[in-house]
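Heads up: the structure comes next, in structure tokens.
In this text, all values refer to a predicted model and were calculated from it rather than measured experimentally.
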Amino acid sequence: MKARAALFFLYLFFVLQVGLIQANERADYIRENYTKYEKRIPARDGVKLFTAIYTPNDTSKEYPILLLRTPYGISPYGPDQYRDRISPHEEFEKEGFIFVYQDVRGRFMSEGEFVHMTPHVANKKSNSDTDESTDTYDTIEWLLEHVPNHNGKVGQWGISYPGFYTSAGSIDSHPALKAVSPQAPVSDFYWDDVYHHGAFLLNHWFGFLNNVQQTRDGLIDERPDPIYEIETTDAYKFFMDVGPLKNVNESYFKKKSKFWNYVTRHPNYDKFWQERNILPHLKNIKAAVMVVGGWYDREDLFGPLNTYRMIEKQNPDTFNILVMGPWYHGGWLRSKGNELGDTDFGFPTAEHYQKNVDLHFFKHFLKDEEGELSLPEALIFETGANRWRRFDQWPPASSEKTRFYFHKGGKLSSKRPNEDSDAHDSYISDPNKPVPHTKDNSRWINNTFYSEDQRFASRRPDVLVYQTDILEEDITLAGTIQANLFVSTTGTDSDWVVKLIDVYPDDLEEKAAQQTLIRAEVFRGRFRESYKKPKPFKPNEVTKISFELWDVLQTFKRGHRIMIHVQSTWFPFIDRNPQKYVPNIFEAAEDDFIKVINCVYRSKEYPSHIQVGLLQQMF
């Protein structure tokens, strides 16, 4: 055992050393082949946007411009201080582009006031009517006039928040903007990062606002210290100790996070959030678009899928494609993509994307690469089968809707139940003993829990488990998953979490009986009729709730089982619902948190089920 441990640490040391050498080689290449300039680019209202420009030293030819706009800073600052990486991956740097990084308005070294998810101004009447589309337009116009050796073509890209700025920059865009790639883009702040179906993303947003989004005092070139120094490594315990969320300002943030105050005052999908929805404004897009997302993105799965759909709907003549891989948030550039959590994908999927998709897209539209673009309308990774699939539309037209119904004894099948109307399963939901979202609560924010083995949850009495018989043939699910539950509660509010799980055979040498999470989503029950106007439950009254778990392309192999979990807590990824209805959960008191009995019905009259597309096997 000691020898094996020693070999493991020796291997780990070797991998780290190789990675460090490669990183240093990349940084050296950038310094030797690019020159950095820093400029303050004026927007139409006079606000100056701080911008770093890296131009190739070889001036014998012209290059396209590749732009990234970000709220996270573009350090290191100073014309002699170079970034270790200036592009999505090093092949871009070797290919040759003019790389441009910009602090968005109001962040770090850029002037102006920062506004989260800047509302789009549809009808601009003067130069004071600015938004991210105008700041992008003005930036491109300045670059074309002042940066030498460009070829007149501009591309833009960004992951997560920078993905939002990429989407916004494509609206009413500059004629020179020829290709954009919003990657894991925030699209509607309420739905992407802050809430999922009205349930608050607790550990993510607490950490984000504590460490990243503090209010600045003047121009700054360093990220401020966290508002609160977190010393614990047990996230579950930390957030249980926080107690009701009204304690956050008093004991932790001390009202220093402006946006936390906004969030706590707007728990419903009101005007504040509606203004921060870029989706209806994704119009008049002339640039080619490649939307990228990850199946295991805990924050922004909604974003890429709906950005693609809305661009497709509102810009029918625009080149618009979708790439979905088996990645966590940004994993296509931050990992090899060969595994995640307890799931193995068979090969380095991120390397395939970088070499055959990302650079190929930008070269085609910005460098007039010869030959046809060999990318389909939808390039989708099929989990379970571990392969890339090419579709001429997404979801696939050939998929057929199928339903998996809940039955007595934890059974799951396509057969509709035929039991009496009162047939149900129940559990006690206790917000003071919530179901953990991960088996590894030592980590603050866990990128891997969306692909974890779920046996730790299956064993809990407050998690309902339904599964099919052993599959006699492969089954491929494709498209949007819809959960349709008939429920009741002895309280007046509750959350409902539904998970789709792949159960491995018992007789495997590795991963025997593993229960691998494929997709999961939460729904805050008060929003079952409207996200704008919440409504309490009537105790013990059977009520239908329906919500999407978003999309999937997953093959359940022969010998496996399909499993569904239903539970009412998912902590601390999601905040605790008191289960006693209060108008604003951020203002709930300790005694508002109560135990309830929750029931899920599975009868002829109340047939709880999930619905999803079924894709026929190739042969």
Could you tell me whether a side-chain N or O of [X] sits under 3.5 Å from a main-chain N or O of [Y], the two making a donor and an acceptor?
{"X": "Asn247", "Y": "Gly243", "result": "no"}
{"X": "Ser426", "Y": "Ile597", "result": "no"}
{"X": "Thr480", "Y": "Trp550", "result": "no"}

For Tyr269 and Phe189: C-alpha separation, side-chain torsions, deciding distance, then whether ring-ring contact (aromatic ring centres under 6.0 Å, His included) applies.
CA-CA 10 Å; Tyr269 192 56; Phe189 226 9; over 10 Å; no
For [X] and [Y], test the side chains for any donor-to-acceptor distance below 3.5 angstrom and give the result as yes or no.
{"X": "Ser488", "Y": "Asn540", "answer": "no"}
{"X": "Asp234", "Y": "Thr232", "answer": "no"}
{"X": "Tyr531", "Y": "His197", "answer": "yes"}
{"X": "Gln102", "Y": "Arg69", "answer": "yes"}
{"X": "Ser133", "Y": "Asp131", "answer": "yes"}

Could [X] and [Y] be called an ion pair, given the rule that one side-chain N must be under 4.0 Å from one carboxylate O?
{"X": "Arg40", "Y": "Asp103", "answer": "no"}
{"X": "Asp502", "Y": "Arg519", "answer": "no"}
{"X": "Asp425", "Y": "Arg602", "answer": "yes"}

Decide side chain to side chain contact (heavy atoms under 4.5 Å, CB included) for Glu452 and Asp342; before the verdict, give the C-alpha distance in whole Å, the side-chain angles of both, and the deciding distance to 0.1 Å.
CA-CA 5 Å; Glu452 275 187 347; Asp342 296 313; 4.0 Å; yes
Which heavy atom in His424 sits nearest to a heavy atom in Cys599, and how many Å separate them?
CD2-SG, 3.7 Å
Exercise: identify the closest heavy-atom pair between Pro436 and Trp570:
O-CD1, 4.4 Å
Lys NZ or Arg CZ of [X] over [Y] ring: under 6.0 Å, within 45°:
{"X": "Arg276", "Y": "Phe272", "value": "yes"}
{"X": "Arg334", "Y": "Tyr328", "value": "no"}
{"X": "Arg107", "Y": "Phe114", "value": "yes"}
{"X": "Arg528", "Y": "Phe537", "value": "yes"}

List the steps, then state whether side chain to side chain contact (heavy atoms under 4.5 Å, CB included) holds for Arg309 with Asp551.
CA-CA 12 Å; Arg309 286 169 182 158; Asp551 292 10; 2.4 Å; yes
With a cut-off of 6.0 Å (strictly less than), are more than 12 heavy atoms of other residues, nucleotides or ligands near NZ of Lys39?
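Counting other residues, nucleotides and ligands, NZ of Lys39 stays at 12 neighbours or fewer.
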Within 6.0 Å of CG in Asn432, more than 12 heavy atoms from elsewhere
yes
Less than 6.0 Å separating the ring centroids of [X] and [Y]?
{"X": "Trp260", "Y": "Phe208", "value": "no"}
{"X": "Trp496", "Y": "Phe523", "value": "no"}
{"X": "Phe239", "Y": "Phe206", "value": "yes"}

Identify the residue among Gln454, Arg460, Arg459, Met563 that makes a side-chain contact (heavy atoms from CB on, under 4.5 Å) with Val465.
Met563
If the test is side-chain contact (heavy atoms from CB on, under 4.5 Å), which one of Asp192, Asp188, Asp193 qualifies with Tyr190?
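Single side-chain contact (heavy atoms from CB on, under 4.5 Å) partner of Tyr190 among Asp192, Asp188, Asp193: Asp188.
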Any heavy-atom pair between the side chains of Glu521 and Lys499 that's under 4.5 Å?
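Not in contact.
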Picking from Asn598, Asn577, Asp495, Asp430, what satisfies side chain to side chain donor-acceptor pair (under 3.5 Å) with Ser568?
Asn598
Between Val47 and Leu49, is the side chain to side chain contact (heavy atoms under 4.5 Å, CB included) condition met? List the steps.
CA-CA 7 Å; Val47 169; Leu49 306 176; 4.1 Å; yes
I'd like to know whether Val194 forms a side chain to side chain contact (heavy atoms under 4.5 Å, CB included) with Val263, so could you lay out the CA-CA distance, the side-chain angles of the two residues, the decisive distance to 0.1 Å, and finally the verdict.
CA-CA 8 Å; Val194 184; Val263 169; 4.1 Å; yes
Here the gap from Phe593 atom CZ to Asp591 atom CG, rounded to the nearest 0.5 Å, amounts to 10.0 Å
Please verify the inter-ring angle class for [X] with [Y]; under 30° counts as parallel, over 60° as perpendicular, anything in between as tilted.
{"X": "Phe586", "Y": "Phe200", "result": "perpendicular"}
{"X": "Tyr195", "Y": "Trp273", "result": "perpendicular"}
{"X": "Tyr450", "Y": "Phe573", "result": "perpendicular"}

Are Lys246 and Glu587 close enough, and set up right, to give a salt bridge (Lys or Arg N to Asp or Glu O under 4.0 Å), and what steps lead you there?
CA-CA 5 Å; Lys246 68 176 186 176; Glu587 298 174 0; over 6 Å; no
Could you go through the side chain to side chain donor-acceptor pair (under 3.5 Å) check for Ser429 and Asp462 one step at a time?
CA-CA 6 Å; Ser429 177; Asp462 49 358; over 6 Å; no
